[in-house]
Structure formats: structure tokens, C-alpha cells
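Worksheet for the structure shown next.
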Amino acid sequence: MTINRPGLPGDLPPAETLWARWALVAAVHTTAAVESRPSVHRTGHWIEDDGLHRDDGGCTWWVMSRAGNGRYVLYGEDESSGTRWHRPPVDVLAGGPAWLPWAELEDRRSGGELGCVYWYEDGAWARAPYPDDLADDGLDCGLGELADRTQAARLLVERLAPVEGGPDIQALLAEAEAGPLRDVDGLLARLRDPDGGEPEPDVVARALTRAGLADRP
């Protein structure tokens, strides 16, 4: 899936699909050590009570949260975003619905951290209007790999071993998107640590459940 620069609401897959991909990537990368680390010191993809996170520790950070009743909000910042540097600055909250996490978003904006905000309701994404001369809002660099299933699959390969006769990575992603996962034990059996450590299936299972991808304690 191609994301324009700046992004368009139609560039993103349905929120439920994006959530499933992101959550699966975050879950299989979860370890007890990662879970014990304060959020401000984490990098990569992870799951918290407020939603899904991505941070590369340098130029990009993103959060996706569920707001109930089929509503989602996606917000973040990438160094490629020009919304704050545009003159006048782009109001990325213009037109936002009342159910957005306004306190969090305003705090991020006041700290000069907010590059763009997208919200999902009634089966469609929306965002604030942009001026015609805005070059980029950071969505492509920040979320492009999760917006496309093939790219998302690459984020799973190092953590999930192939199984002869079993579903490939793209099939697992499709299953997660349809949700919940049908064979959680089979997925957990495929876990591997590229650094040679022992997989932590209990930790990953907890993360899958937390994100709504598994129906198990």
C-alpha cells in the first residue's frame, strides 16, 4: 500500500487491520525485560494499556489507541513532517472529534512533538485539512511499513521460525487481521530469539491477549 506525502486518510488500511498488524509485531518482540523497562526508555514496537507504540529512539515515534465503538486515533511525529515548520504552522487537530484524547494531544503539541493526527470512525480515517504546499506530514516514513502487509511481514521474520506445512508469515498476518488468532500455541511454538536467547512464550501470549489477538488468559 502506497502512502502519499503528505498522507491521505485513504492511504491507511482499516484501523482494525492496522491495529492487528502492529499488535502482532509488538507481541512477538515482547520480552520480560522489555515489559519492565519504562516507556520513555523503550524502542521498537510495544503494547501498553493506552495502546500500541512505535519509537526508533531518534527521529520517529507513534501511538495508536482504541477509543471504543469502532473508534481509533493514530498520532505521532517523524522528522520528515513539515506541519510544525510550515508558515503558518498546520493545526493538526483542526476538525478533530470530541472523543479524541485531547489532553494528551494538546500536551504533545505544546511540547513541539506532534507531527500529525489521524482518527477513525464509522469505518473511515480522517485528519485535519492541510495547505496545498505542505510537503510531508511524516505518515509515510513513520507508518509505511505497517500500512503494507508485505512490509509488515518482514518485521516478523526474525522472530517467527518457518514451519513446514504451517501458515507463512503473510497468512499469520491475515489471520490476525481477521482475529482472533486461531492457533496461538502454534504461533508460540515458532518463537525464536535472533540474539540466541530463549523465547518467552508466556510473555508473548500475555501481550497477544492484551492487544485482543488471542482469547486466552
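- Residues L139 and L8 are members of separate hydrophobic clusters, defined by side-chain heavy-atom contacts under 4.5 angstrom among Ile, Leu, Val, Met, Phe, Trp and Tyr.
- The two residues C141 and D78 make their nearest non-hydrogen contact at CB-OD2, 3.5 Å.
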Walk me through it: do T150 and Q170 pass the test side-chain hydrogen bond (donor to acceptor under 3.5 Å, both in side chains)?
CA-CA 7 Å; T150 299; Q170 294 236 24; 3.2 Å; yes

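- A donor atom on one side chain and an acceptor atom on the other are found under 3.5 Å apart for W62 and T60.
- Nearest heavy-atom pair across P129 and V90 is O-CG1, 4.1 Å.
- For the pair R66 and V73, the minimum side-chain heavy-atom distance is 4.5 Å or more.
- With T83 as the partner, the side chain to side chain contact (heavy atoms under 4.5 Å, CB included) test is satisfied by one option alone out of V92, D136, V117: V92.
- In this structure the side chain of L18 reaches within 4.5 angstrom of the side chain of M64, judged on heavy atoms.
- Using a distance-only test at 3.5 Å, with no hydrogens or angles considered, no donor-acceptor pair links the side chain of H86 to the main chain of G82.
- Taking OG1 of T30 as the reference point, atom CG of L191 lies at 10.0 Å (rounded to 0.5 Å).
- Considering all non-hydrogen atoms of both residues, E35 and R206 come closest at OE1-NH2, 2.6 Å.
- Atom CG of D193 sits about 8.5 Å away from atom CD of E158, to the nearest 0.5 Å.
- Side-chain atoms of W61 and R54, non-hydrogen and from C-beta on, never get closer than 4.5 Å to each other.
- Note on V163: it does not cluster hydrophobically with I169, by side-chain heavy-atom contacts below 4.5 Å among ILVMFWY residues.
- Proximity of a side-chain donor or acceptor of N4 to a complementary backbone N or O of G7 within less than 3.5 Å is not detected.
- Closest approach of S80 to G138, counting heavy atoms only: OG-CA, 3.4 Å.
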Run the side chain to side chain contact (heavy atoms under 4.5 Å, CB included) test on R84 and E113 for me, step by step, so that the C-alpha distance in whole Å, both residues' side-chain angles and the decisive distance to 0.1 Å come before the verdict.
CA-CA 9 Å; R84 290 189 291 119; E113 300 178 68; over 6 Å; no

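- With rounding to the nearest 0.5 Å, the separation of CG in L172 from CD in E177 is 11.0 Å.
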Run the side-chain hydrogen bond (donor to acceptor under 3.5 Å, both in side chains) test on D11 and Y118 for me, step by step, so that the C-alpha distance in whole Å, both residues' side-chain angles and the decisive distance to 0.1 Å come before the verdict.
CA-CA 11 Å; D11 294 339; Y118 287 73; over 6 Å; no

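- Counting only distance, with no hydrogens or angles, the side chain of T43 and the backbone of D56 share no donor-acceptor pair below 3.5 Å.
- Put simply, the side chain of L24 reaches to within 4.5 Å of the side chain of L208, judged on heavy atoms.
- V184 and V203 fall into different hydrophobic clusters, where Ile, Leu, Val, Met, Phe, Trp and Tyr residues are linked whenever their side-chain heavy atoms come under 4.5 Å apart, directly or through other members.
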Quick one, L74 with W119, criterion side chain to side chain contact (heavy atoms under 4.5 Å, CB included). Give me CA distance, side-chain angles, the key distance, then yes/no.
CA-CA 6 Å; L74 169 68; W119 51 89; over 6 Å; no

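- Inspection of the D55 and H45 side chains reveals no N or O donor paired with an N or O acceptor under 3.5 Å.
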After noting the C-alpha distance and the side-chain angles of S39 and E48, does the key distance pass the side chain to side chain contact (heavy atoms under 4.5 Å, CB included) rule?
CA-CA 9 Å; S39 181; E48 291 193 357; 3.0 Å; yes

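- For the pair R37 and W46, the NZ or CZ position fails the cation-pi test of under 6.0 Å to the six-membered ring centre and within 45 degrees of the ring normal.
- Judged by distance alone, the side chain of T209 and the main-chain N or O of A205 form a donor-acceptor pair under 3.5 Å.
- L134 is listed as a side-chain neighbour of P6, based on a closest heavy-atom distance under 4.5 Å.
- Cluster annotation: V63 is not connected to V34 through the hydrophobic network of ILVMFWY side chains, with a link wherever side-chain heavy atoms come within less than 4.5 Å.
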Between D91 and R109, is a salt bridge (Lys or Arg N to Asp or Glu O under 4.0 Å) present by the stated rule, with each step listed?
CA-CA 10 Å; D91 180 2; R109 180 163 66 173; 2.5 Å; yes

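- Interatomic distance, CG of D183 versus CG of L181, reported as 9.0 Å (0.5 Å rounding).
- Residue A147 comes nearest to I3 through the heavy atom pair CB-CD1, 3.8 Å, listed as atom of the first residue, atom of the second, then distance.
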Please assess E16 against Y120 for the test side chain to side chain contact (heavy atoms under 4.5 Å, CB included), listing each intermediate value before the final yes or no.
CA-CA 10 Å; E16 297 84 358; Y120 188 86; 3.4 Å; yes

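- Heavy-atom neighbours of R192 CZ from other residues, nucleotides or ligands within 6.0 Å: above the threshold of 12.
- Listed for the W102 side chain is a donor-acceptor partner under 3.5 Å among the backbone atoms of P97.
- Between P13 and R21, some side-chain heavy-atom pair lies under the 4.5 Å cut-off.
- A donor-acceptor contact shorter than 3.5 Å is absent between the side chain of W19 and the backbone of L52.
- Here the straight-line distance linking atom CG of L12 with atom CG of L146 works out to 10.5 Å at 0.5 Å rounding.
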Verdict with reasoning, E175 to R182, per salt bridge (Lys or Arg N to Asp or Glu O under 4.0 Å):
CA-CA 8 Å; E175 185 179 319; R182 295 188 296 273; 3.4 Å; yes

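- Side chains of R190 and P167 form a contact here, defined as non-hydrogen atoms less than 4.5 Å apart.
- The side-chain heavy atoms of L100 and R71, taken from C-beta on, include no pair separated by under 4.5 Å.
- Electrostatic pairing of D49 and R210 counts as a salt bridge here, judged by a charged N lying under 4.0 Å from a carboxylate O.
- Taking CD of E77 as the reference point, atom OH of Y75 lies at 13.5 Å (rounded to 0.5 Å).
- The heavy-atom pair separating G51 from S65 by the smallest distance is CA-OG, 4.2 Å.
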